[in-house]
Amino acid sequence: VQLQASGGGLVQAGGSLRLSCVASGNIFSIANMDWYPQAPGKQRELVATITSIGIREYSDSVKGRFAVSRDNAKKTMYLEMNSLKPEDAGVYFCKADLTTRTDWGFVRNDHWGQGTLVTVSS
């Protein structure tokens, strides 16, 4: 099972980026999917969550500027980031609550992607 995050880059303050997170492997189902940015020297912070039926939650720091969505058929989650601020910069990690099918049954675990770097210039 693998989570692949992409879409990061360099953007000016006020600009926009769209991140993607694709899950692959022997996946039976995906429950919640989340985005966690990590700024240099800081811990990862949960900023957006989307459930399997599309219920969304955001941290106060991104509410009104970021939008999380997912395509269950493609096992993909997106993060549309608008009005970016320098404090939004960091490595954005995606996390997914996955159930996989194994030889001995179903196993449910959290899986992390490798992160994609977002840089916001002022």
Side-chain angles (χ1 to χ4, degrees):
V1 174
Q2 185 177 18
L3 285 181
Q4 183 77 33
S6 63
L10 172 64
V11 64
Q12 286 188 333
S16 300
L17 279 176
R18 189 190 195 210
L19 307 183
S20 299
C21 175
V22 182
S24 61
N26 195 10
I27 298 169
F28 176 75
S29 65
I30 305 175
N32 287 9
M33 300 183 79
D34 314 294
W35 287 102
Y36 284 79
Q38 184 170 19
K42 296 187 177 180
Q43 291 187 334
R44 296 180 190 183
E45 173 196 5
L46 175 63
V47 296
T49 296
I50 185 166
T51 70
S52 59
I53 59 171
I55 297 171
R56 300 163 173 84
E57 291 186 357
Y58 301 96
S59 67
D60 289 341
S61 63
V62 306
K63 201 172 293 183
R65 299 188 298 120
F66 290 12
V68 62
S69 61
R70 65 192 278 175
D71 184 330
N72 289 332
K74 295 181 179 179
K75 298 184 179 64
T76 301
M77 173 178 63
Y78 306 96
L79 185 67
E80 189 75 38
M81 305 188 294
N82 300 307
S83 303
L84 280 161
K85 304 174 181 179
E87 52 263 42
D88 295 320
V91 178
Y92 278 67
F93 295 91
C94 57
K95 182 169 74 75
D97 178 356
L98 299 176
T99 297
T100 56
R101 195 196 309 265
T102 70
D103 290 341
W104 54 87
F106 295 99
V107 178
R108 183 174 180 176
N109 278 316
D110 283 337
H111 293 260
W112 288 87
Q114 86 292 355
T116 185
L117 178 63
V118 172
T119 305
V120 183
S121 63
S122 55

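Hydrophobic cluster of Ile55: the remaining members, joined at side-chain heavy-atom separations below 4.5 Å, are Ile53, listed by chain and number.
Annotation: side-chain contact (heavy atoms from CB on, under 4.5 Å) contacts of Ala39 (sequence neighbours excluded): Lys42. Under the salt bridge (Lys or Arg N to Asp or Glu O under 4.0 Å) criterion, Lys63 pairs with Asp60, sequence neighbours left out. Residues passing the side-chain contact (heavy atoms from CB on, under 4.5 Å) test with Asn109 are Val107, His111, sequence neighbours excluded. Scored by the side-chain contact (heavy atoms from CB on, under 4.5 Å) test, Ser6 finds Ser20 as partners (sequence neighbours excluded). Applying the side-chain contact (heavy atoms from CB on, under 4.5 Å) rule to Ile27 yields the partners Val1, Ala23, Ile30, Lys75, Leu98; only residues at least two apart in sequence or on another chain are considered. Qualifying side chain to side chain donor-acceptor pair (under 3.5 Å) partners for Arg108, counting only residues two or more places apart in sequence or in other chains: Asp97. Residues satisfying the salt bridge (Lys or Arg N to Asp or Glu O under 4.0 Å) test with Glu45, not counting sequence neighbours, are none.
Note on residues 76-95: no pairs pass ring pair (Phe, Tyr, Trp, His ring centres under 6.0 Å), not counting sequence neighbours. Listed by first and then second residue, the disulfide (SG to SG under 2.5 Å) pairs that reach into residues 18-98 are Cys21-Cys94, sequence neighbours excluded. Within the structure, no pair that satisfies the disulfide (SG to SG under 2.5 Å) test touches residues 23-81, not counting sequence neighbours. Counting only residues at least two apart or in different chains, ring pair (Phe, Tyr, Trp, His ring centres under 6.0 Å) contacts with residues 24-74 comprise Phe28-Phe106, Tyr36-Trp112.
The two residues Val120 and Pro86 make their nearest non-hydrogen contact at CG1-N, 3.7 Å. In terms of heavy atoms, Gly7 sits closest to Leu17 at O-CD2, 3.9 Å.
Here the CG atom belonging to Asn26 is positioned 6.5 Å from the CZ atom belonging to Arg101, to the nearest 0.5 angstrom. Here the CG atom belonging to Leu117 is positioned 11.5 Å from the CD atom belonging to Gln38, to the nearest 0.5 angstrom. Here the straight-line distance linking atom OG1 of Thr49 with atom CE of Met33 works out to 11.0 Å at 0.5 Å rounding. Within the model, atoms CZ of Arg18 and OG of Ser16 stand 12.0 Å from one another, a figure rounded to the nearest 0.5 Å. Atoms CG and NZ, on Asn32 and Lys95 in that order, are 7.5 Å from each other to the nearest 0.5 Å.
No side-chain donor-acceptor contact under 3.5 Å links Asp71 to the backbone of Thr76.
Heavy-atom neighbours of Gln114 CD from other residues, nucleotides or ligands within 6.0 Å: above the threshold of 12.
Between Val22 and Lys74, every side-chain heavy-atom pair lies at or beyond the 4.5 Å cut-off. Residues Arg65 and Met81 fail the side-chain proximity criterion, which asks for heavy atoms closer than 4.5 Å.
Val91 and Val47 fall into different hydrophobic clusters, defined by Ile, Leu, Val, Met, Phe, Trp and Tyr side-chain heavy atoms under 4.5 Å apart, directly or through other members. Leu19 and Leu3 are not part of a single hydrophobic cluster, where members link through side-chain heavy atoms under 4.5 Å apart.
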